[in-house]
Amino acid sequence: MEKVDTLINARWVVPVEPDCRVRDNWSIAIRNGRIEAVGPSGEIKDRFEAIETIDRPSHVVLPGFVNAHTHAGMSLMRGIADDLPLMDWLKGHIWPAEQQWVSPEFVSDGTELAIAEMLKSGTTCFADMYFFPDVVARTAARLGMRACPGLIVIEFASAWAENAAEYLSKGLAVRDEYKSHPLITTVFAPHAPYTLSDKSLLKIRRLSDELEIPVQIHLHETSDEITQSMTEHRKRPIERLDELGLLTPLLFAVHMTQLEDREIELAATRGINVVHCPESNMKLASGACPVPRLVESGINVALGTDGAASNNDLDMIGEMKTAALLAKHEAGSAAVLTARDVLRMATINGARALGLAEETGSLVSGKWADITCMDLRCLQSQPIYDPVAQIVYAAGREQVTDVWVAGRQLVSGGVLTRVDELDLMERVDTWRTKLASQSERGQR
Ligand SMILES: [Zn+2]
């Protein structure tokens, strides 16, 4: 018998790779944080002896979700300003609050709240874009969460940095610190074409090519962004990024709601990745990313929640359903973007966009054991003809019972193993008191 650390025996396993078929009565063997084997329970039990065996007889086991775009620290601003268009929301509420409150402590507590919520929703990896990426990295590492902290660059001063050059140099220092960390992989995160100069974008392009670091940027989020770019640069943002050489397979462009046919072709030719954030786009009435057409052109499309201030939750299970429904509604066809398509977007496609396809995003031997387990033994999931349809169209995140990241169990029986929820909620409430007093002053 081969020795392993953990054996998970499940009623169903959906490995996502090589495909999203449902396997009945399968097991997963984990050793040293990685998946040693996945297969029929009979075979796995005959082959391995485990220190710990976990039976999940009414559950489906999946790869942990990859949230390919969020602003974890913004969780402390969930519900602070709603029902406003993007620019009013940013300029009137979010940026003033950030100017006053963003600090290492703010980012630490906000990121912890986001990670706690994501873990309890089955997410095991997230790509972030926020100030103090050093704090994001430290918080994720402390809590055992896989993360891609974004080395944010923007032309305004903040508590983190004074100017683009300082954002970059501080970001690179964070990259060096976490270079060989098993959970943390930094990515460049220039905020958006409208908040960055050509000079800064070029510098990021050169560094990204040299160091092979992925780049995430908000791109073609709203029609106003396009109009402003036409006025200032006489070209559309994606054209400008292409001229600067940023459209490469290392890029993951977030939103992409405003696209002409030739721009879809350009994105496909350059091999960029796209991150779709349907709930944030719908809530801010920004438009809809033409996902089925992007997929048809061969573009890798991942899924993100965006920040909790514009969504307002970090729930990838809900996001999958929204993505599927929005695509069908927009295309006037029920056949586009199936439950399995959105499950791939929420797992392996996210890992691919983040440059982590060899490490996570599917249940394949050799990858990290980043695993989510959901209980389908409840009224809302009955009867079970197809567990994948149940997960995408009917289940809720409260059905997530267990989550492992790199083989470490971070959610057990629906309870976080490394976060003291009551203590966290008290800290969050202290922030609410501070931020609410400022926004009341602003309204008077
Ligand atoms: Zn965003």
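One-based numbering, in listed order, for ligands and for the atoms of each.
Under 2.8 Å from the Zn ion (ligand 1) lies an N/O/S atom of His218, whether from backbone or side chain. Put simply, Asp306 gets within reach of the Zn ion (ligand 1), with an N, O or S atom under 2.8 Å from it.
Surrounding CD of Glu358 are at most 12 heavy atoms belonging to other residues, nucleotides or ligands under 6.0 Å away.
Ring centroids of His191 and His218 are separated by less than 6.0 Å, placing the two rings close together.
The only option from Thr305, Asn312, Asp306, Asn311 that meets the side-chain hydrogen bond (donor to acceptor under 3.5 Å, both in side chains) definition with Ser280 turns out to be Asp306.
Between His181 and Tyr178, the ring planes lie tilted relative to each other; the angle falls in the 30° to 60° range.
Residue-level check: among N/O/S atoms of His69, NE2 sits closest to the Zn ion (ligand 1).
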